[in-house]
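Shown next, in structure tokens, is the structure this report addresses.
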There are 2 protein chains.
Amino acid sequence: MSKYGYMGVLRAQPGKRDELAGILLEAAGGLQNYAGCLLYVVTKDEKDEDAVRVWEIWESKEEHDNSLKLPATRELITKAMPLLNGMPEGTALEVLGGKGSGF
Amino acid sequence: MSKYGYMGVLRAQPGKRDELAGILLEAAGGLQNYAGCLLYVVTKDEKDEDAVRVWEIWESKEEHDNSLKLPATRELITKAMPLLNGMPEGTALEVLGGKGSGF
């Protein structure tokens with residue numbers, strides 16, 4: 001049994017990383033009761049001072065994609081866009097398990 | 001308040017990824033009761049068929065470094081080394097929080 005994982009990197013405009021990270025933490029808060037999301041962790045890259053890195057685990061890719069259609073998510077994406085320096089990038093993963101994986 | 005995060009990528013010899021991932025899952029199991037480790041998730045990269053990616057959250061960098069000295073960890077590293085194609089790489093992160101972050 002495995003789950004869908006995604007690790008994204010979002011680069012902020014110079015000096016805007018904390019504000020961007022704050023929006024992503026807000027997104028994480030909004031997903032607390034979203035059963036299809038098992039993990040949504042927000043981090044700052046210690047070398048790249050503009051990069052926010054997010055780790056996500058979802059029951060399925062479908063659950064991940066559906067979450068992007070939620071009004072709250074759309075609103076946060078709109079808030080975040082002006083802070084970005086280029087498009088977000090990401091890697092899809094097959095999550096095998098481990099401590100804190102949620103399954 | 002933030003925690004120490006680490007995301008590593010380990011490339012296996014061709015055809016050895018599942019065996020390598022199994023060893024890392026064993027490591028994750030061994031950390032279940034290690035209080036200083038909040039998260040240790042093992043994943044397979046969906047594009048790079050030799051890559052295992054691990055997400056880790058620790059109370060501190062010191063806790064992370066100390067865990068590498070545990071006999072069980074040393075043993076697993078010894079088991080994993082022959083399966084690797086090159087040295088593991090990784091990125092240190094400041095973990096800000098989020099769903100499943102453990103704090």
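Lettering of chains follows the sequences in order, A, B, ..., and the numbering in each one begins at 1.
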Verify the cluster assignment for [X] and [Y]: are they in a single hydrophobic cluster under the rule of side-chain heavy atoms below 4.5 Å apart?
X       : Y       : result
B/Leu25 : B/Tyr34 : yes
A/Leu39 : A/Val42 : no
B/Leu31 : B/Leu10 : yes
A/Met7  : B/Tyr6  : no

Identify the two heavy atoms, one from A/Tyr40 and one from A/Ala28, that lie closest to each other, and give their separation to 0.1 Å.
CD2-CB, 3.5 Å

Listed by residue number, which members of residues 49-59 of chain A have a heavy atom under 4.5 Å from any heavy atom of chain B?
A/Arg53, A/Trp55, A/Glu56, A/Ile57

Which residues in residues 66-76 of chain A have a heavy atom less than 4.5 Å from any heavy atom of chain B?
none

From [X] atom [atom1] to [Y] atom [atom2], the distance as rounded to the nearest 0.5 Å:
X       : Y       : atom1 : atom2 : result
A/Leu24 : A/Lys44 : CG    : NZ    : 12.0 Å
A/Leu20 : A/Gln13 : CG    : CD    : 10.0 Å
A/Lys3  : A/His64 : NZ    : NE2   : 15.5 Å

For chain A, find its close neighbours in residues 93-103 of chain B: heavy-atom separation under 4.5 Å, sorted by number, or none.
B/Leu93, B/Glu94, B/Val95, B/Leu96, B/Gly97, B/Gly98, B/Lys99, B/Gly100, B/Ser101

In residues 83-90 of chain B, which residues are in contact with chain A at a heavy-atom separation under 4.5 Å?
none

Are any side-chain N or O atoms of A/Arg17 and backbone N or O atoms of A/Asp45, one a donor and one an acceptor, separated by less than 3.5 Å?
yes

